Protein chains: 2
Amino acid sequence: MRLTTKGRFAVTAMLDLALRESRGPVTLAGISERQGISLSYLEQLFGKLRRNALVTSTRGPGGGYTLAREADDITVAQIIIAVDEPVDATQCAGRENCHDNHRCMTHDLWTDLNATLFNYLSNVTLGGLVRQHKAKETSVIHDKRVPEQAAASAAAGAA
Amino acid sequence: MRLTTKGRFAVTAMLDLALRESRGPVTLAGISERQGISLSYLEQLFGKLRRNALVTSTRGPGGGYTLAREADDITVAQIIIAVDEPVDATQCAGRENCHDNHRCMTHDLWTDLNATLFNYLSNVTLGGLVRQHKAKETSVIHDKRVPEQAAASAAAGAA
DNA sequence: AAAAATCCAAGTAAAATAATCGGATATTGA
DNA sequence: TCAATATCCGATTATTTTACTTGGATTTTT
């Protein structure tokens, strides 16, 4: 499984949706505006999310998207897989120069690593992210630092 | 941190190197042949790996690359970061439409997720992958199935 | 001196990402 | 019924990233 900005857009959009759907369907136009993602790109992503049964849609005025199940039952892994189609895992399957099979083995290892990563992201749910967000929200209120400093320290903690 | 085929190439190449460096420096030409990655692309990747002090090089005939430290002290996260330059984490830092700060928060969440992932991959070492590989090698010998079946089940286990 | 290797920069082809366009369809409410 | 709001959808395009190519140079060994 790959982890690109495309998956990140999808997770961000789904999170925006999860945080708002209690007030009814959420429009892509709204997500677009709030998250700075183009409407048409969101349409493409949500087409895939819908076909993967992660969201449901209601058309017409007052319509929009809703989570297809509870936020706790939607994982980050599912979102990423949904928007980031397969792209053949093995890549050496069927190739001719693979009978020295050293290559196959390193591929196997990568595949295993992938599986572990997938497993990890399968345990991160949208619901969990929402709770994390709400916890952070209150802590941010108590944060006396100016936004730049807070953002810098948050970024330093990451990759 | 992103997780693309580029990082996968780098990890695969480093694994190939780790599995062979006991017999002296490993040439990129050899890795290229075994792993099916173009020589020049490997040169680019190893330039970055060298500048990030993950490998050392010896020039001239009989030369090649060697791990700069023990395989147990080189992590998959380090390899991926080395070849996959920064690409600014926050992306909203400095943007004008960020004062409703809902966007910043979802970005924060993604950054946190990233950090956890990075932390996870920081615990996967080249040495660990090598041992995993060797364990698999013997088990593969005992696998009575034909290669196609074994490959299919391995692929199914992954993403 | 010749060969084997790393080094390096520039350019290019192919693929993926993100956006754009031009609609079609469904639904709501005035 | 009509207009507005939304999802849907396919095709096209621009941009960026990936992967490779080319044409060297430098270092070291034999």
Side-chain angles (χ1 to χ4, degrees), chain A residues 1-13 17 20-21 23-33 35-68 80 82-88 91, chain B residues 1-13 17 20-21 23-33 35-68 80 82-88 91:
Chain A
M1 89 185 284
R2 289 178 303 162
L3 208 59
T4 66
T5 52
K6 191 178 188 177
R8 169 184 163 159
F9 275 141
V11 172
T12 303
L17 172 53
R20 296 173 173 271
E21 68 154 6
R23 281 165 282 181
V26 180
T27 67
L28 293 189
I31 297 177
S32 170
E33 208 177 319
Q35 306 301 333
I37 308 168
S38 91
L39 177 59
S40 309
Y41 196 40
L42 281 174
E43 285 179 350
Q44 290 174 36
L45 297 180
F46 274 77
K48 292 178 179 179
L49 293 171
R50 184 173 47 79
R51 284 188 285 275
N52 280 269
L54 295 177
V55 297
T56 54
S57 61
T58 48
R59 300 172 75 159
Y65 287 90
T66 316
L67 297 183
I80 290 172
V83 300
D84 224 21
E85 18 243 51
V87 186
D88 77 319
Q91 198 170 65
Chain B
M1 89 184 283
R2 288 177 304 161
L3 207 60
T4 67
T5 53
K6 192 178 188 176
R8 168 185 163 159
F9 276 138
V11 172
T12 301
L17 173 54
R20 296 171 172 273
E21 69 154 5
R23 281 165 281 180
V26 180
T27 67
L28 293 189
I31 298 178
S32 170
E33 209 177 319
Q35 306 300 334
I37 308 168
S38 92
L39 176 59
S40 309
Y41 195 41
L42 280 174
E43 284 178 352
Q44 288 175 35
L45 296 180
F46 274 79
K48 292 178 179 178
L49 293 171
R50 183 173 49 80
R51 283 187 288 275
N52 280 269
L54 295 178
V55 298
T56 55
S57 61
T58 49
R59 299 172 75 159
Y65 287 91
T66 316
L67 296 183
I80 290 172
V83 299
D84 225 22
E85 19 243 49
V87 187
D88 75 320
Q91 197 169 65

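Computed from a predicted model, the values in this text were never measured in an experiment. In what follows, every chain begins at residue 1, and chains take the letters A, B, ... in the order their sequences are listed.
Contact check for B:Tyr65 versus B:Leu42: no side-chain heavy atoms found under the 4.5 Å cut-off. By the 4.5 Å heavy-atom criterion applied to side chains, B:Asp84 and B:Lys6 are counted as neighbours. Residues B:Thr4 and A:Arg2 form no side-chain contact, since every pair of their non-hydrogen atoms from C-beta on lies 4.5 Å or further apart.
To the nearest angstrom, C1' of D:dC20 lies 11 Å from CG of B:Leu45. Between the CZ atom of B:Phe9 and the P atom of C:dA15 there is a distance of 13 Å, rounded to whole Å. Rounded to whole angstrom, the span from the CG atom of A:Leu39 across to the C1' atom of C:dG23 amounts to 14 Å. With rounding to whole Å, B:Leu49 atom CG is found 14 Å from C:dT6 atom C1'.
For B:Thr27 and C:dT6, the shortest distance from a side-chain N or O to OP1 or OP2 is not below 4.0 Å. An OP1 or OP2 oxygen of D:dA19 is reached within less than 4.0 angstrom by a side-chain nitrogen or oxygen of B:Thr5. Listed pair A:Arg51 / D:dC9 meets the phosphate criterion, a side-chain N or O lying under 4.0 Å from OP1 or OP2. Contact annotation: A:Arg2 reaches the phosphate of C:dT17 (side-chain N/O to OP1 or OP2, under 4.0 Å). Contact between the side-chain N/O atoms of B:Arg50 and the OP1/OP2 oxygens of C:dC8 is found at a separation under 4.0 Å. The phosphate of D:dC8 has OP1 or OP2 within less than 4.0 Å of a side-chain N or O from A:Tyr65.
No engagement by B:Gly47 is indicated, since no non-hydrogen atom pair under 4.0 Å with the nucleic acid exists. A:Leu28 comes within 4.0 angstrom of the backbone, heavy atoms only, and of no base.
Summarising the geometry of A:Lys48 relative to A:Ala82, their closest heavy-atom pair is CB-O, 3.6 Å, with the distance given to 0.1 Å.
For the pair A:Ser32 (side chain) and A:Ile37 (backbone), a donor-acceptor distance under 3.5 Å is present. B:Thr12 places a side-chain N or O within 3.5 Å of a backbone atom of B:Arg8 that can act as its donor or acceptor partner.
Which of D:dT18, D:dA19, C:dT20 sits closest to the side chain of A:Ser40 comes down to C:dT20.
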Give me, pair by pair, the N or O atoms of the protein and of nucleotides 27-30 of chain C that are less than 3.5 Å apart, along with how far apart they are.
none

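For the pair A:Ser57 and A:Gln44, both in contact range of DNA chain D, the more 5′-proximal nearest nucleotide belongs to A:Ser57.
The line from CG of A:Leu17 to CD1 of A:Ile31 is 5.5 Å long, rounded to the nearest 0.5 Å.
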